[in-house]
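Report on the following structure.
Proteins come first, then strands; the chains are lettered A, B, ... in the order of their sequence lines, and each starts at number 1.
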Amino acid sequence: PNVTGALHMGHALNNTLQDIVTRWRRQQGYEALWMPGTDHAGIATQAVVERRLLEEEGKTRHDLGREGLVARIWAWKNQYEARILSQLKQMGCSCDWSRTRFTLDPVCARAVRHTFFRLFRDGLIYRGKRLVNWDTLLQTAVADDEVFHETVPGHFWYFYYPVIDPQPGEPQRVMIATTRPETMLGDTAVAVHPDPAGALERVEGELARKLAEAPAREKQALAAELEDVRRRRRELLPELLVLRDMARAGRRVMLPLMNRPIPLVADPWAKPEMGTGCVKITPAHDPNDYEVALRQNLPMINILNPDGTLNENAGAYRGLSVLEARQRVVADLETQGLVARVEDRPIDLAHSDRSKTPIEPMLTDQWFVRMDRLSQMAMDAVTTGRVKIVPPRYSKGYLDWLSEKRDWPISRQLWWGHQIPIWYCDTASEDQLRRAFAGREDVVWRWDPDGRQWLICAQEGDLPADAIPGHRLRREEDVLDTWFSSALWPHSTLGWPDATPELRYYYPTSVLITSRDIITLWVARMVLTGLYNCGEVPFREVFIHPKILDAYGETMSKSKGNGVDPIDVIEKFGADALRFGLAYLTTETQDIRMPVAFECPHCTALVEQTRENRLLPRIRCPQCKKEFSTQWAERPEDRALPRAAVVSERFEIARNFCNKLWNASRFALLNLQGYAPAAVSEDQLRIEDRWVLSRLATVTQEVSEALERYQFAEAARCLYTFAWDEFCSFYVEMVKGRLQDPASRPVAQRVLTHALDTLLRLLHPMIPFLTEEVWQLLGEAAPVRGIDRLRRAEPSIMIAPWPEADAARRNAEIERRFARFQEVLRAVREIRSRQNVPPRQEIAFAVRCDAETADLLAPLVPYFQALAGARATAWGPDVHPPLLSANATLPGMEVYVDLAELIDLEAEIARKRHELARLDARIEAQRNKLANENFVRRAPAAVVEKERASLEELQAQHASTSAMLQRLLSTRRAS
RNA sequence: GGGCGUUUAGCUCAGUUGGUUAGAGCGUCAGCUCGACAAGCUGAAGGUCACUGGUUCGAGCCCAGUAACGCCCACCA
């Protein structure tokens, strides 16, 4: 199972890898399954809908109402989900569409209800407080990544709070500083550092150290800072010490305007080097003060309504907005003579990314899952190896995060999602509850002492408001965190809580493939809910794949505008190229850097995407000077322009490879007339047949091992080089001649067909469309195929089994022999090229080598004609160079090309001199190495022997090359 | 602040247990339209493996440190 949609390249990568594994396992006879889903899409959609609502109609969801908003979200979501399904289909993903589950699918919703009920019944769910970033315009909490900071001009106010009953030697009042005066209405303490002397000393020491090491241009600022700290020690410290003692003695100050006595507390949050050294504590509206309140056990007073106006806790200021209240508070303190001074200073203000309004931190009631026991279960699953994380280094982050056992806040102030199945009642007695729900095991309740109310949870179905006669039930408005339902994905999609056959068969699943940034959010939670609900881990292995980055190495994201749409890639390069390309890029450690370009819709020029142009709605093509629109086009005049596709050249390799495969397949299919299946005996096989069969066995083995370890790039590279550099460049070329000859044609057809058949099956998981097409065509031309054992081809490659690596076919001797052949071939081609021999002109060449090598080469000699337009005239130890030849010296071999009067003497002489220079350098290095006593004595004998042999070989090459140079030089003199 | 990763050819990346001359694709240059393939074929040029030090007979690879870039988590580890 898999929970992502296909919205951008990261999702495409994820889906592709998941699908490759699924297809591959299917070829091995597993009944494999993977399911896409769009759980995540709910929140994203609500955010988009709300933003548009605000921008286009100036309305918030509260203007629209719950039903109105949900109706709009449905409209968007349907489009979105249709798009995901269409993308997955175009990518060739073989997921089971019939099982696709979306957020509010009834099966998943039921699993969510059951899980919540079980957790609640087991006492693992509780209601608590949490400080959130509140958007007062949209009246919703916003996540950390939806907050942006902006530095704005502001003020720093210094106020006095009078001390209650000051004793002799104690100050009459304490001074505090703030940028948000209105929050003082919610103050519940004033804090002072418990060890101001020590704290100042530490700060001073640190500053002095920094000053000593700092570069000159920073010295002045640091010196000023240091001076300030020293001044504080002289002037401020005595009073801070007194205040600290007062705090310890439980003394209090009077909160002005509210006339509320609040305690002085000693807490390290009050930094003696900052402000006045004393800090007002507003637990309900500041994250740090909230922490102080938890430590000091202070009351927390929320002074805000959800819409940003002040509530009844603000007394006379009730109903004012934050900014109105700020002015009134300052003015009122002024009249009481409690304002010491005001400074102008820039302040860092957090804004909501959605409504662009300033964030108000606010204390809210939230639902939590108690994590201590659950986390431990999930940790144990990984430490004992029941869940294996690949690559293993990611286990650390998983374990570290879980080991904190921080409780999981699961409520969200959204209107889209699974509404929390809790009903409140604060009037009924326990007896009345017991009577109302008598005999119902699907309803449980608990008394909430903080809220002074009953919390009633129902496992299935909603409770009517009058479920308890004479009382009214009120339902919790919040919905569950999207990860709560996502965490259930592996079992909820299979039908849990019912014991369905699917659940029995597929659970636990074999592998989850995902990106590293949701290891904690999602993977950990799937493991723990799986264990909690089903008593078994949800998957045996987790493969963490790389991230897709842009040209600057940054994560692709919608807000940066640096994404690539998979559909654009499919349109430009094809779905197979997208899949193979992504697999080819999936290495173990390296994130995938993907430079991106706009393709001009007018002239198809590629316009590089930069940090500057990636957010523009329209761009002018530098080539044809016409304008085109981008994915950001919103205004009608921008949208009227043709839209540029966003593409990446990194898929070209894959596209070219697919094209090469198609052409090679075409060659085979064009040469299959008269094909008749029959077993091929050993003696009918030629050397190139045995070579290609050996290579196929090796490659099958390598690809299987790579996929087993999730090394997608390794598997793809292995197939790429085999298919292109060996199958196409050598085997197909060598078999061409045999196909022309009626005597050798049948065997050549059989081996070629078998090789192509095997290659297609190996490539199918990564290139499903092309391989299926060729498979069908091959099935018509050669329905029965094989070498040893004949077999009727399956009607679809999807059910054709994965090839077995036939160990008996692996032949190192043949592969070595072939390597020698390739060396000679390369030498002949190089000589052709440097001597500028016209392509059509045949050349003659001879090879001097030992008798053994000559035997190796003998059967391959005819192929030089086809592969290099060259005719071998002689090979063996007795070969002597023709009078005028171009030559190449190889280890143990010398190749002479007879050029008679055609020879370009100067080119040959230059070449020889170049070769000699290179040989000199290498011989020198080799001699030094062998002259090193340490090396000879300490290195393994085999290594030393190899180096000696290598030196001798180099010297032989040197002798022969310089002899040839001499001959060339004397020829030049003679002419 | 903590954790993790990366740094190899102009670009994007491979490089197995430390052992001949560090590889590929794209790009560049030269030459090829011979019946699968110009999205192709053949050949060539191009690298002080980020830097400093260490271990070793021998380091792209192992160890320590430095720098740059990126990611995740954050007054927790």
Side-chain angles (χ1 to χ4, degrees), chain A residues 144 268-269 287-288 291 391 393-394 396-397 399-406 515-521 546-547 549-555 573-574 577 581 584-585 587-595 648-650 652-671 702 705 711 713-714 716-718 720-721 724-725 728-729 732-733 736 740 825-840 866-869 891 918-919 921-922 925-926 929-930 932-940 942-944 946-951 953-954:
Chain A
D144 288 348
W269 165 239
N288 294 307
E291 298 289 326
R393 68 173 181 279
Y394 290 113
K396 182 175 159 48
L399 291 171
D400 283 353
W401 186 82
L402 280 173
S403 69
E404 291 174 28
K405 303 189 176 171
R406 216 183 318 176
S515 171
R516 77 173 93 89
D517 39 7
I518 49 178
I519 293 174
T520 50
L521 281 177
K547 291 191 66 147
L549 310 175
D550 69 2
Y552 303 102
E554 295 174 24
T555 317
F573 297 109
Y584 191 86
L585 295 172
T587 57
E588 210 176 315
T589 53
Q590 182 67 51
D591 281 340
I592 301 168
R593 193 175 291 224
M594 192 171 285
S648 174
E649 295 185 15
R650 297 209 66 186
E652 274 180 18
I653 304 177
R655 188 260 319 259
N656 294 353
F657 179 58
C658 291
N659 197 43
K660 185 77 178 175
L661 275 175
W662 174 251
N663 281 313
S665 306
R666 213 158 69 91
F667 169 82
L669 291 164
L670 287 172
N671 282 284
E702 285 170 0
E705 283 172 7
Q711 293 175 345
E714 177 66 23
R717 272 164 225 272
C718 184
Y720 179 94
T721 46
W724 199 311
D725 299 340
C728 290
S729 294
V732 166
E733 290 303 324
K736 269 179 186 168
Q740 303 308 316
L825 184 73
R826 193 174 307 121
V828 174
R829 282 171 169 172
E830 197 267 320
I831 291 168
R832 275 198 85 111
S833 174
R834 79 174 188 244
Q835 284 291 329
N836 264 317
V837 180
R840 305 271 195 153
L867 292 168
R918 236 180 41 200
L919 284 168
R922 287 188 54 200
Q926 208 72 1
K929 199 172 203 177
L930 285 163
N932 182 343
E933 262 184 56
N934 269 329
F935 171 70
V936 177
R937 205 172 60 240
R938 298 202 183 178
V943 172
V944 175
K946 219 159 90 180
E947 296 295 331
R948 283 222 172 86
S950 159
L951 176 59
E953 175 59 44
L954 286 171

TODO: Quote, to the nearest angstrom, the C1' distance that separates B:A45 from B:A68.
DONE: 30 Å

Open item on the list: Using the rule given for side chain to side chain contact (heavy atoms under 4.5 Å, CB included), can you reason through A:E947 versus A:L951, listing the C-alpha separation, both sets of side-chain angles and the distance that settles it, and then say yes or no?
Closed with: CA-CA 6 Å; A:E947 296 295 331; A:L951 176 59; over 6 Å; no

Task: Any A:E649 side-chain heavy atom under 4.5 Å of A:P595 side chain - done: no

Open item on the list: What's the gap between B:U42 and B:A24 when it is taken at their P atoms, as a whole Å value?
Closed with: 13 Å

Task: Sugar-phosphate, base or nothing in reach of A:W269, heavy atoms under 4.0 Å - done: base

Open item on the list: Is it the case that B:A36 (base atoms only) and A:E733 (side chain only) share a donor and an acceptor within less than 3.5 Å, ignoring hydrogens and angles?
Closed with: yes

TODO: Looking at every strand, decide which applies to A:R655 at a 4.0 Å heavy-atom threshold: base, sugar-phosphate, or nothing.
DONE: base

TODO: Using the test salt bridge (charged side-chain N to carboxylate O under 4.0 Å, His left out), find all partners of A:E830 that sit at least two apart in sequence or belong to another chain.
DONE: A:R834, A:R911

TODO: Quote, to the nearest angstrom, the P distance that separates B:A9 from B:G15.
DONE: 15 Å

Task: Those residues that, when tested against A:E953, pass side chain to side chain contact (heavy atoms under 4.5 Å, CB included) (two or more places apart) - done: A:P891, A:Q957

Task: Side chain to side chain, A:R717 and A:T721, heavy atoms closer than 4.5 Å - done: no

TODO: Would you kindly give the CD-to-C1' distance between A:E404 and B:G2, to the nearest whole Å?
DONE: 11 Å

Task: With A:F667 via ring pair (Phe, Tyr, Trp, His ring centres under 6.0 Å) - residues at least two apart - done: none

TODO: Could you give me the CA-CA distance, side-chain angles and deciding distance for A:V944 and A:L930, then say whether side chain to side chain contact (heavy atoms under 4.5 Å, CB included) is met?
DONE: CA-CA 8 Å; A:V944 175; A:L930 285 163; 4.3 Å; yes

TODO: With sequence neighbours excluded, tell me which residues meet side chain to side chain contact (heavy atoms under 4.5 Å, CB included) with A:E291.
DONE: A:R295

Open item on the list: Students often get this wrong, so: under 4.0 angstrom with heavy atoms, is A:N288 touching a base, only sugar-phosphate, or nothing?
Closed with: base

Task: Short side-chain to backbone donor-acceptor contact, A:T520 and A:L402, under 3.5 Å - done: no

Open item on the list: I need a per-nucleotide contact map over nucleotides 15-29 of chain B, read 5' to 3'. Cutoff is protein heavy atoms under 4.0 Å; write B for the base, S for backbone only, - otherwise.
Closed with: ----BBB---S----

- [ ] Write down the distance separating the P atoms in B:A67 and B:U55, rounded off to the nearest Å.
- [x] 23 Å

Task: Partner residues of A:R937 under the side-chain hydrogen bond (donor to acceptor under 3.5 Å, both in side chains) criterion, sequence neighbours left out - done: A:N934

TODO: Assign A:K736 to base, sugar-phosphate, or nothing according to its heavy-atom contacts below 4.0 angstrom with the strands shown.
DONE: base

Open item on the list: Without decimals, in angstroms, what is the distance between A:N663 CG and B:C37 P?
Closed with: 6 Å

Task: Residue whose nearest RNA chain B nucleotide is more 5′ - A:A664 or A:R393 - done: A:R393

Interface polar pairs with nucleotides 41-43 of chain B, N/O, under 3.5 angstrom:
from  : atom 1 : to     : atom 2 : distance (Å)
B:C41 : OP1    : A:K660 : NZ     : 3.2
B:C41 : OP1    : A:W724 : NE1    : 2.6
B:G43 : O2'    : A:S833 : OG     : 3.3

- [ ] Return the set of residues passing side-chain hydrogen bond (donor to acceptor under 3.5 Å, both in side chains) with A:K660 (not counting sequence neighbours), or none when no residue passes.
- [x] none

Open item on the list: Taking the C1' atom in each of B:A59 and B:U16, what is the distance between them to the nearest angstrom?
Closed with: 16 Å

- [ ] Please measure how far the P atom in B:U21 lies from the corresponding atom in B:U28, and state the result in whole Å.
- [x] 32 Å

TODO: Quick one: stems involving RNA chain B, counted as three or more successive Watson-Crick or G-U pairs, both distances short of 3.5 Å.
DONE: B:1-7 with B:67-73, B:10-13 with B:23-26, B:28-32 with B:40-44, B:50-54 with B:62-66

Open item on the list: What's A:N659 touching, base or sugar-phosphate or nothing? Going by heavy atoms closer than 4.0 Å.
Closed with: base

Task: P spacing across the pair B:A50 / B:A36, given as an integer number of angstrom - done: 45 Å

Task: Partners passing ring pair (Phe, Tyr, Trp, His ring centres under 6.0 Å) against A:W662 (at least two apart in sequence or in another chain) - done: none

Task: d(CD1, A:I519; P, B:G3) in whole Å - done: 17 Å

Got a list of protein N/O to nucleotides 10-12 of chain B N/O distances below 3.5 Å?
from  : atom 1 : to     : atom 2 : distance (Å)
B:U12 : O2'    : A:R650 : NE     : 2.6
B:U12 : O2'    : A:R650 : NH1    : 2.5
B:U12 : O2'    : A:R650 : NH2    : 2.4

Task: Sugar-phosphate only, base, or nothing, as touched by A:C658 at under 4.0 Å among non-hydrogen atoms - done: nothing

Task: All ring pair (Phe, Tyr, Trp, His ring centres under 6.0 Å) counterparts of A:F573, not counting sequence neighbours - done: none

Open item on the list: Measuring only the C1' atom in each nucleotide, how far is B:G27 from B:U17? A whole number of Å is fine.
Closed with: 36 Å

- [ ] Would you mind reading off the distance between A:Q835 atom CD and B:A30 atom P, rounded to a whole angstrom?
- [x] 19 Å

- [ ] Take the angle between the ring planes of A:F657 and A:Y720 and call it parallel below 30°, perpendicular above 60°, tilted in between.
- [x] tilted

Open item on the list: Check A:E733 with A:K736, please: is the shortest side-chain N to carboxylate O separation under 4.0 Å?
Closed with: yes

TODO: Give A:V944 one of three labels, base, sugar-phosphate or nothing, depending on what nucleic acid heavy atoms sit under 4.0 Å from its own.
DONE: nothing

TODO: Give A:R516 one of three labels, base, sugar-phosphate or nothing, depending on what nucleic acid heavy atoms sit under 4.0 Å from its own.
DONE: sugar-phosphate

